[in-house]
Amino acid sequence: MMQNNNITPEMEDQMINQAYQNLLNIYLSSNHRKKVEIIDKAFKFARDAHKGIRRRSGEPYIMHPIAVATIVIQEIGLGSTSISAALLHDVVEDTDYTVEDIEAQFGHKIARIVDGLTKISGGIFGDQASLQAENFRKLLLTMGEDVRVVLIKMADRLHNMRTLQSMPPNKQYKIAGETLYVYAPLAHRLGLYAIKTELEDLSFKYNHPAEYQRIRSLIDASEESRNDLFARFAAPIRERLDNMGLVYEFNARVKSCYSIWNKMQKKHIPFEEVYDLYAARIVFECDDESAEKRICWNIYNEVTEVYTKHPDRVRDWLTTPKVNKYRALHVTVMGPDGNWVEVQIRSRKMDDTAERGFAAHWKYKIGEGEEEEELSRWLSTITDILKDPEPNAIDFLDTVKLNLFASEIVVFTPKGETITLPKGATILDLAFTLHTDLGTHCIAGKVNHKLKPLSYKLASGDQVEIISSNSQKPKPEWEKFVFTAKGKTRLRSALRHERRLTIEKGEKEFKDFLADHNIPLSNEVLSLAISRQNASNKEELFRMIGNDEIILNEDMVSHKEQGARFNWWRRNPFKGKEEPKKATNESSTAIDTKAIYRLTTRDGKSNYEIASCCHPIPGDDTVGFLTNSNKVIVHKMDCPTLARLKASHGSRLLQTQWEDHSDTFQATIHIEGIDQKGILQSIVNIISTNMSINMKQMNVTSDQGVFNCDLQVLVSDAQVVTNLCREIKKVKGVNSASRMN
Ligand code: MN
């Protein structure tokens, strides 16, 4: 422990009391009702419970809950219930006290918040990843009950990030990653901009310490010239605002290190080329809320009379505020040095709301006594935001889905209900999960308002509407894209049921037909029909009739000689996949065009040829084409050559499926990027050292700093290529890496 021996217990007590007194002072100067008693009780309870325990930094543990409670009032603006819960938030987790003890002492509400905080403590990632993901999901979805759990958790995380220095580096890395993926986007969704920005910058600092320091010092170094530039930019605007008689602040706000770095990464530009390093912000004082909007537009007029505005960079969040209640007017204009500058125009109240979220609500609340009501109204807003099925309203889920829901996804119904499915689940899986009938009659799905096929794989955050039709029937080929156990079971029993119905229908048609033609039904008649149609038994015969694969042709009955009178059967040319028998009857090794053709390489000999036009490899979706010489050529499903063959020789297409194999296949990857030292070496390292893939050929060109590379590799299947591309894309300088046909 890093405990400093010069600090006496008395000094420590004094430090604790000082921190607590500071918390109380902030609370007392807020607009909240003064319920000091419960806070005091919570403080003493927590202090005694954590007595003798120290944080990694060496300071008494209770300093942490005090700090969290301080953030809860000062930066989020919550009241006594939340402050008390924050003080108690680690008691159940770290000491012998139980939730029941908390309930007995502090009542149901505080106990429930502490319980919620205890349940979601620990990492969302790590050993218990999926378990934690489940907790986190539940937490988000039950937030309507008490969103304070999430807000206090946010404060807890913020303090842990502020004190992350005392953690060992591996933990720093993990906590910082989790913060960036989960907490920062969530803070953004909750409208806590200041906290979001701080969380991002702190995460960035620990994830990329060198980059952080570099950008920090570049920002500092450019400060003077930036200030000069802003002064020149602001002067003519100030003059006009003064003339309007406004009381205002006009500042340049430098972007956070993280967002600058993000921009450099996304646009592949050096620091010097990030021209929108800062945004100009005008915040004006205004007591009359009804005048705010008009003043914003008046300021806008003045600004755009001085400088030319960017034709499509006006953002009006006055008329339609963002889902998280952000209101402001943004306009981008051409500054005196020829660079674009964003000007944000806000009233003081808008500014407070934007920066501090809920804290601002209290500041502007008139009168007292509606604390709970005000809170519950805000809570329901947050809940609405999180439940809003509009795709852009749940974009934070997009951000976290890859990391958080590694093994499962959460999708939304049009009504906003959430359904959890295993990763890889398709539209058809969802339909079967909702109801067997919906599954069997499903024809497609609308994913985020776009029509997608049954086999479409869903992703977390998708809003899905199932489209069904009463005329739709379950199909055997659906088994290929049903992945959930429930879906599979339901599909199979639906198929069995469907088959039974078809057989019954066929049997009735058969009997009716015989009756109509005065042919008595006998075993002889039946077995003749079965053998003439190459059916294996009478069920199969009836099924073929019921499925319209065979039609009953009246014309032919009268013309046939005795004994052959059942030739009135013929294949329906428009139904089923039957190929005229002559094509495949030549030899006993004929290929069955109805079955799924399995692509194997048993005994080192493959039973197929790879099409030279599209080079499919195992893992690709493929279709076989049967040539005149009875060979199977395998094409990729989306091959243009295949599309032509399909049009002219549709009956020769085979459904194919890859079997296990040990062969390697050739694939070509195209890589593009910005040429820089060591780029080639890094790529080669990934291929041969990290992934042990055999390289066959590599063509590299570099033209005016643009790096192009065609790479031929030998791989076992498509997944390897996908993984390889993903790894290559991580190399510094590489813009894109993708497989070519
Ligand atoms: Mn804590």
Side-chain angles (χ1 to χ4, degrees), residues 1-2 15-16 19-20 22-23 26 39 42-76 78 80-99 101-102 105-106 110-126 128 132 135-136 139 143 146-168 171-184 186-187 190 192 195 198-199 202-203 206:
M1 280 296 149
M2 286 179 276
M15 177 173 79
I16 294 168
Y20 175 61
N22 176 51
L23 165 69
I26 295 169
I39 297 177
F43 164 64
K44 285 175 180 145
F45 189 93
R47 184 190 58 192
D48 296 345
H50 292 299
K51 201 165 194 74
I53 312 295
R54 287 174 190 284
R55 296 195 89 205
R56 205 166 234 286
S57 61
E59 62 179 10
Y61 195 88
I62 187 67
M63 294 302 282
H64 167 65
I66 295 174
V68 174
T70 309
I71 294 171
V72 159
I73 170 72
Q74 191 167 30
E75 295 174 56
I76 306 179
L78 299 171
S80 58
T81 305
S82 305
I83 295 171
S84 305
L87 285 167
L88 296 164
H89 83 270
D90 277 334
V91 166
V92 175
E93 170 89 0
D94 294 341
T95 75
D96 293 335
Y97 288 104
T98 63
V99 178
D101 296 330
I102 302 286
Q105 293 277 332
F106 297 95
I110 290 178
R112 241 188 24 194
I113 298 173
V114 173
D115 189 34
L117 285 160
T118 307
K119 280 185 184 141
I120 55 165
S121 69
I124 291 164
F125 302 82
Q128 288 182 298
Q132 291 292 346
N135 281 343
F136 191 75
L139 166 88
M143 257 181 38
D146 214 324
V147 75
R148 286 175 288 200
V149 173
V150 174
L151 295 170
I152 297 168
K153 185 70 198 168
M154 201 67 80
D156 183 30
R157 175 52 57 122
L158 183 57
H159 185 244
N160 285 335
M161 285 301 292
R162 284 175 180 170
T163 54
L164 199 56
Q165 196 56 55
S166 51
M167 283 291 190
K171 280 212 169 173
Q172 286 178 356
Y173 197 75
K174 178 172 169 284
I175 294 171
E178 187 181 287
T179 300
L180 194 57
Y181 282 122
V182 179
Y183 290 91
L186 194 52
L190 298 171
L192 304 167
I195 290 180
E198 188 176 348
L199 287 176
L202 285 166
S203 306
Y206 288 100

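For ligands, and for the atoms within them, numbers begin at 1 and follow the listed sequence. The structure presented is a predicted model; accordingly, all values stated were derived computationally and were not measured.
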| Which N, O or S atom of His89 lies nearest to the Mn ion (ligand 1), by name | NE2

| What orientation do Phe106 and Phe45 show, parallel under 30°, tilted 30 to 60°, or perpendicular over 60°? | perpendicular

| Apex the Mn ion (ligand 1); atoms His64 NE2 and Asp90 OD2; angle rounded to 10 degrees | 90°

| Under 4.0 Å between a Lys/Arg side-chain N and an Asp/Glu carboxylate O for Asp115 and Arg112? | no

| request: Measure up the His64 and His89 rings against each other and bin them: parallel (under 30°), tilted (30 to 60°), perpendicular (over 60°). | output: perpendicular

| task | Would you tell me whether Arg157 and Thr179 have side-chain atoms, one donor and one acceptor, within less than 3.5 Å of each other? | result | yes

| field | Atom name in Asp156, limited to N/O/S, at shortest distance from the Mn ion (ligand 1) | value | OD1

